[in-house]
Amino acid sequence: MNTWYFLIQQTMFFSIPLLIVALGGMFSERSGIVNIALEGIMILGAFSGILFINVMQTMHVGIHPQILILLACLIAAAVGVIVSMAHAYAAINMKADQVISGTAINMFAPAFAIFVARIIRGVQQIPFSNTFRIKSVPVLGDIPVIGPMFFRNTYITTFLGFVILILSSLVLYKTSFGLRMRACGEHPQAADSVGINVYKMRYAGVAISGALAGIGGLVFVVPTSTNFNASVAGYGFLALAVLIFGQWRPNRILFAAFFFGLMKTIASAYSGIPFLANLGIPNDIYKMIPYIATLIVLAFTSKNSMAPRAEGIPYDKGSR
């Protein structure tokens with residue numbers, strides 16, 4: 001039973017960042033903008049959040065660990081919005097190729113993080129003390145079976161991920177804002193004809209995408225490491241696979257995130273699972289599992305893609 005608890009807890013650590021970032025990508029692409037820059041935004045969001053945590057811990061500021069990580073999430077989200085605005089301006093105002101614009105951010109982000117870290121610390125790694133693990137959630141942690149699985153040895157960011165999922169579903173399907181955003185991604189000319197500002201809605205979609213990607217970067221680093229080295233291990237690209245597999249819908253994205261999170265858990269924590277550890281399979285094979293799974297899943301699901309019809313197409317207000 002302890003092995004199952006371990007497997008589920010580790011899967012949560014890897015799945016929640018994928019869920020948050022993929023939901024961010026969903027908002028951007030539902031508005032009509034392809035945000036391939038999720039990887040770069042994750043890196044800069046994680047960099048800013050971890051740097052804030054490092055400074056607060058170095059100064060021995062008496063902030064409760066859970067408050068500290070939530071403040072770091074806000075900073076990561078703010079940085080994510082700022083970076084995403086560069087992509088939005090290039091894609092919306094300048095009508096640049098959205099893939100090239102996103103790739104430029106992906107190339108810029110790790111170089112910038114390493115450069116600034118070396119200026120501040122002399123080395124590119126930014127360490128932090130992981131004081132954020134919740135040993136047991138009061139009351140909930142004592143529930144048989146469910147408690148040890150979901151409410152012990154967990155992080156507040158796990159619950160934040162589910163809150164973001166619920167809010168994303170409500171915003172997208174239960175508000176006029178969500179309806180307008182979906183209209184801009186499907187038929188922007190029709191949306192414009194009824195008075196919807198397509199440019200503003202697309203800016204909003206990219207901004208939400210940037211905020212969630214920034215948070216996702218921090219949420220990925222905190223449970224899995226004690227230092228940040230200007231990398232999120234390709235999670236931004238994996239989140240794009242989750243988005244496609246999830247067909248741009250929150251409930252399906254949740255399922256896809258947990259599937260890929262399980263694959264990542266097997267790759268990273270197989271030594272803690274006796275059955276897998278005893279198979280004698282080389283370590284490199286396990287590391288390949290998430291990416292092999294990505295290729296297989298996309299090969300079978302991409303042909304039935306339900307992507308927004310105007311996704312990636314620059315909108316010209318004068319055209320019909």
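Everything numeric in this text was worked out from a predicted model, so none of it was measured.
- At a threshold of 4.5 Å between side-chain heavy atoms, the hydrophobic network of Ile, Leu, Val, Met, Phe, Trp and Tyr places I166 and I208 in two separate groups.
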(request) Let me see the working for L170 and T175 under side chain to side chain contact (heavy atoms under 4.5 Å, CB included), right down to the final yes or no. (result) CA-CA 7 Å; L170 292 176; T175 66; 5.7 Å; no
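- Between N106 and G40, the shortest heavy-atom contact is OD1-N, 2.7 Å.
- Between the side chains of Q247 and R252, no donor-acceptor pair of N or O atoms lies under 3.5 Å.
- Judged by distance alone, the side chains of Y203 and N197 never bring a donor and an acceptor atom under 3.5 Å apart.
- T226 and N130 form no side-chain donor-acceptor contact under 3.5 Å, judged by distance and modelled atom types alone.
- Cluster membership check: I67 shares its hydrophobic cluster with V137, using side-chain heavy-atom separations under 4.5 Å among Ile, Leu, Val, Met, Phe, Trp and Tyr.
- Follow the hydrophobic side-chain contacts under 4.5 Å out from V163 and you never reach L218; the two are in separate clusters.
- Taking the six-membered ring where the residue is Trp, F259 and F245 present perpendicular rings, their angle passing 60° and hence far from 30°.
- Side-chain rings of Y235 and F220 approach one another, their centers coming within less than 6.0 Å.
- For the pair Q98/H87, a side-chain contact is recorded, criterion being any heavy-atom separation below 4.5 Å from C-beta on.
- A 4.5 Å side-chain heavy-atom check between R202 and P188 finds at least one atom pair inside the cut-off.
- The only option from I156, L160, T154 that meets the side-chain contact (heavy atoms from CB on, under 4.5 Å) definition with T158 turns out to be T154.
- For Y315 and D192, the side-chain atoms include at least one donor-acceptor pair closer than 3.5 Å.
- When only modelled atom types and interatomic distance are considered, Q124 and N229 share a side-chain donor-acceptor pair under 3.5 Å.
- Checked against the 6.0 Å centroid criterion, the rings of Y155 and F13 qualify as a close aromatic pair.
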